[in-house]
Amino acid sequence: LDILASIIFLVGVFGINYAMDMNLTERRREIALLKSIGFKRKQIMLSLIYEAALIGLIGALTGTILVIFGIFILSSLINIEIFSGLSVYL
């Protein structure tokens, strides 16, 4: 199970890396414009990193909310009680 989770994680990392690479390729003109009006390389890089982090955060929150709603909908369809007897041991 750990190996499967590792493979899934690596596929996700490579997918995000590819998407950001395509993002940079498509936005060359915008980056050139920012450089021409005086933005430093570090400022452009930070803005792109913040954008990627924000997109990832929004995606993670959306996915989490959808999964929680899906669990409640499926549990009501199958008539099972979720979170009954849930206890956390530390």
Side-chain angles (χ1 to χ4, degrees):
L1 190 60
D2 291 337
I3 294 172
L4 182 63
S6 299
I7 291 171
I8 292 170
F9 177 75
L10 285 174
V11 168
V13 166
F14 285 125
I16 291 172
N17 187 20
Y18 178 75
M20 289 310 299
D21 184 43
M22 292 308 296
N23 186 14
L24 287 174
T25 303
E26 292 173 357
R27 294 173 66 180
R28 278 189 178 160
R29 289 183 179 173
E30 180 184 342
I31 293 170
L33 178 66
L34 290 174
K35 282 183 179 180
S36 70
I37 60 174
F39 276 70
K40 297 200 180 353
R41 181 181 174 101
K42 183 178 179 180
Q43 292 172 318
I44 296 171
M45 192 69 87
L46 282 176
S47 71
L48 293 173
I49 289 172
Y50 289 149
E51 179 184 343
L54 183 64
I55 290 171
L57 181 65
I58 290 171
L61 290 175
T62 304
T64 303
I65 290 169
L66 288 175
V67 166
I68 290 172
F69 281 133
I71 288 171
F72 282 116
I73 290 171
L74 285 177
S75 67
S76 67
L77 290 175
I78 339 178
N79 294 326
I80 61 170
E81 192 173 324
I82 57 173
F83 301 124
S84 63
L86 181 67
S87 56
V88 177
Y89 299 103
L90 297 176

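Because only heavy atoms are used, hydrogens play no part in the values below, and waters and symmetry mates are left out as well, while side chains stay in. Predicted, not measured: the structure shown is a model, and the values here were computed from it. Throughout, numbering of the chain's residues begins at 1 and tracks the sequence.
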Hydrophobic cluster identity match, L24 and I16, side-chain contacts under 4.5 Å: no

Euclidean distance, I58 CD1 relative to I55 CD1, rounded to 0.5 Å: 7.5 Å

So, taking the atom named CD1 in I73 and the one named CG in L66, what distance separates them when rounded to the nearest 0.5 Å? 9.5 Å

Are F39 and L48 co-members of a hydrophobic cluster defined by side-chain heavy atoms under 4.5 Å apart? yes

Measuring from atom CG of L57 to atom CG of L61, what distance do you get when rounded to the nearest 0.5 angstrom? 4.5 Å

Euclidean distance, I7 CD1 relative to D2 CG, rounded to 0.5 Å: 11.0 Å

Could you go through E51 and R27, starting from their C-alpha distance and side-chain angles, then the distance that decides it, and tell me whether this counts as salt bridge (Lys or Arg N to Asp or Glu O under 4.0 Å)? CA-CA 13 Å; E51 179 184 343; R27 294 173 66 180; 2.6 Å; yes

So do the side chains of L54 and Y50 get within less than 4.5 Å of each other, counting heavy atoms only? no

Gap separating the CZ atom of R29 from the CG atom of L33, nearest 0.5 angstrom: 11.5 Å

Of V67, T62, I68, which is the lone residue that meets side-chain contact (heavy atoms from CB on, under 4.5 Å) with T64? I68

Could you tell me whether the side chain of N23 reaches within less than 4.5 Å of the side chain of M20, counting heavy atoms only? yes

Nearest-0.5 Å distance that lies between atom OG in S47 and atom CD1 in I31: 8.0 Å

